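Okay, structure first, notes after.
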Amino acid sequence: MRRRAGLPGQLLNHDALKEQYGIDRAAAILSPGSAQADPLLLCWWLLTIAANRKARIIDADAIHFHDEGERVVVETTGPHVVEAKHVVLATGYAMPHFIMPRQHEIRSSFALATVPQAPERLWRDGALIWEAAEPYSYMRLTADNRIVIGGEDEDISDPQERDAMLGEKTQMLRQTLARLIPGADPTVSHAWCGAFGETSDGLPLIGRVPGARHVYAAYGYGGNGITFSYMASRMIAALMKGEEKAWFDNFALDRPDFSES
Ligand SMILES: Cc1cc2nc3c(=O)[nH]c(=O)nc-3n(C[C@H](O)[C@H](O)[C@H](O)COP(=O)(O)OP(=O)(O)OC[C@H]3O[C@@H](n4cnc5c(N)ncnc54)[C@H](O)[C@@H]3O)c2cc1C
């Protein structure tokens, strides 16, 4: 199916996977072109680039939006009131209530980081690993050779309920790590959990906010923030220029929710 869709990748059978990566699973797909970034550093640099290009950055929460025809007025918790020709809402899982579409759900996700590993305990090339199982798990390495493993999602959004599950979930992730990479030191140095939002159809919510002419939204990326945020930047810039494409409808905030039928 991947080949038919034009996606490159190499199928590793059980023996090749065991021999090359030390992972004892039925098979795997080795894909080229993946990347990882430190999200905090990435955000700081993007903000620095924007500031160097004369963007003004205001450190405050936006609390009210008023669509006044040719301009949008944004009230903040600080002394600033921002007037703009276009406003893009991109507040992550904290969506303003007036755009929260039905197909968006908040779940919970869990992760841990081990102590730094000796290089010989790790798998080849620092590959980014995704196990497409139920529950799924993912693994990657930090710059100081810690293994980060995450997954074990739950259909809960209450932060206290989520925090209460952290101990049990950390043990489950440790067991998954021991099964996948038996040579690794499973000693945990950090464990955490947080909200994870996704849509019922797996597609993001990108486009105009229904009923507001100059307000746009970019939400619902699920685990695909890198891909969907890039798409959002292209789509919303095009919409602001008045360039509409038929396929934008697939991502519209008011698209039908087929999960209910
Ligand atoms: C556990 C986990 C693992 C993930 N793994 C991956 C991965 O491997 N690859 C990948 O591509 N994606 C991954 N994602 C998804 C990715 O992190 C998100 O899609 C991405 O961070 C969303 O970016 P954003 O800018 O839309 O929102 P956010 O990163 O949530 O940023 C929104 C910002 O808006 C601020 N904000 C909120 N309300 C207001 C307000 N009223 N006024 C002003 N500011 C406000 C928030 O404080 C926040 O700083 C993962 C997500 C989770 C939770």
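Values below: every heavy atom of this structure, side chains too, minus hydrogens, waters and symmetry copies. Since the model is a prediction, treat every value here as computed from it, not as a measurement. Remember, it's 1-based here, ligands and their atoms both numbered in the order they're listed.
Taking every non-hydrogen atom of Tyr93 and a distance limit under 4.0 Å, the qualifying atoms of ligand 1 come out as 51 (C), 53 (C). Counting the atoms of ligand 1 from 1 in the order shown, those under 4.0 Å from a heavy atom of Ile226 are 10 (C), 11 (O).
Proximity of a side-chain donor or acceptor of Arg71 to a complementary backbone N or O of Glu83 within less than 3.5 Å is not detected. With hydrogens and angles disregarded, a donor-acceptor distance shorter than 3.5 Å links the side chain of Thr77 to the backbone of Asp61. The backbone N or O of Gln117 sits nowhere less than 3.5 Å from a side-chain atom of Arg121 that would complete a donor-acceptor pair. A distance-only check finds a donor-acceptor pair linking the side chain of Asp67 to the backbone of Arg213 [under 3.5 Å]. No side-chain donor-acceptor contact under 3.5 Å links Trp45 to the backbone of Ile49. Remark: side-chain polar atoms of Asp38 are paired, donor with acceptor, to backbone N or O of Leu40 under 3.5 angstrom. Using a distance-only test at 3.5 Å, with no hydrogens or angles considered, a donor-acceptor pair links the side chain of Asn13 to the main chain of Ala16.
What sits closest to atom 7 (C) of ligand 1 on the protein, heavy atoms only, is Gly223 O, 3.7 Å. Scanning all protein heavy atoms for the shortest distance to atom 15 (C) of ligand 1 gives Gly222 O, 3.2 Å. For atom 3 (C) of ligand 1, the nearest non-hydrogen atom of the protein is Tyr138 OH, 4.2 Å. Regarding atom 30 (O) of ligand 1, its nearest protein heavy-atom neighbour is Gly92 CA, 3.4 Å. Distance from atom 46 (C) of ligand 1 to its nearest protein heavy atom, with residue and atom name: Thr91 O, 4.7 Å.
For the residue pair Thr91/Tyr219, the side-chain donor-acceptor check at 3.5 Å is satisfied. Glu75 and His80 share no side-chain donor-acceptor pair at under 3.5 Å.
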Mind listing the side-chain donor-acceptor pairs of residues 150-162 below 3.5 Å, one per line with the distance, residues two or more places apart or on another chain?
residue : atom : partner : partner atom : Å
Glu152  : OE1  : Lys169  : NZ           : 3.4
Asp153  : OD1  : Ser109  : OG           : 2.9
Asp153  : OD1  : Tyr136  : OH           : 2.9
Asp153  : OD2  : Tyr136  : OH           : 2.9
Glu154  : OE2  : Lys169  : NZ           : 2.7
Asp155  : OD1  : Arg107  : NE           : 2.6
Asp155  : OD1  : Arg107  : NH2          : 3.2
Asp158  : OD2  : Gln160  : N            : 3.4
Asp158  : OD2  : Glu161  : N            : 2.9
Arg162  : NE   : Ser108  : OG           : 2.8
Arg162  : NH2  : Ser157  : O            : 3.2

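For atom 11 (O) of ligand 1, the nearest protein heavy atom lies closer than 4.0 Å. Protein heavy atoms are found inside the 4.0 Å sphere centred on atom 42 (N) of ligand 1. By the definition of a contact as any protein heavy atom under 4.0 Å away, atom 27 (O) of ligand 1 is in contact. Checking atom 22 (C) of ligand 1 against the protein gives a heavy-atom contact under 4.0 Å. Less than 4.0 angstrom separates atom 48 (C) of ligand 1 from none of the non-hydrogen atoms of the protein.
The nearest non-hydrogen atom to atom 51 (C) of ligand 1, considering only Phe228, Phe196, Tyr230, comes from Phe196.
Close to ligand 1: Ala90, with a non-hydrogen atom less than 4.0 angstrom away. The shortest heavy-atom distance from Cys43 to ligand 1 is not under 4.0 Å. The closest approach between Gly150 and ligand 1 stays at or above 4.0 Å for every heavy atom of the residue. Residue contacts with ligand 1 do not include Ala232, since none of its heavy atoms lies under 4.0 Å from the ligand.
Contacts between Ala62 and ligand 1 below 4.0 angstrom, taking non-hydrogen atoms only, involve backbone and side chain alike. Under 4.0 Å from ligand 1, the heavy atoms of Asn224 that appear belong solely to its backbone. With a 4.0 Å heavy-atom cut-off, ligand 1 is reached by the backbone of Ala60 but not by any atom from C-beta on.
Partners of His86 according to the ring-ring contact (aromatic ring centres under 6.0 Å, His included) rule, which considers only residues two or more places apart in sequence or in another chain, are His214, Tyr216.
Taking distance alone, with nitrogen or oxygen atoms compared against 3.5 Å, Ala218 stays at or beyond that limit from ligand 1. Residue Gly225 places at least one N or O, backbone or side chain, under 3.5 Å from an N or O of ligand 1. Remark: ligand 1 and Ala195 share no N or O pair separated by less than 3.5 Å (distance only, no angle test).
A salt bridge links Arg255 with Asp201: at least one charged nitrogen is closer than 4.0 Å to a carboxylate oxygen.
In this structure, the side chains of Phe251 and Met231 come closer than 4.5 Å at one or more pairs of heavy atoms.
Other residues, nucleotides and ligands contribute only 12 or fewer heavy atoms inside 6.0 Å of the CZ atom of Arg56.
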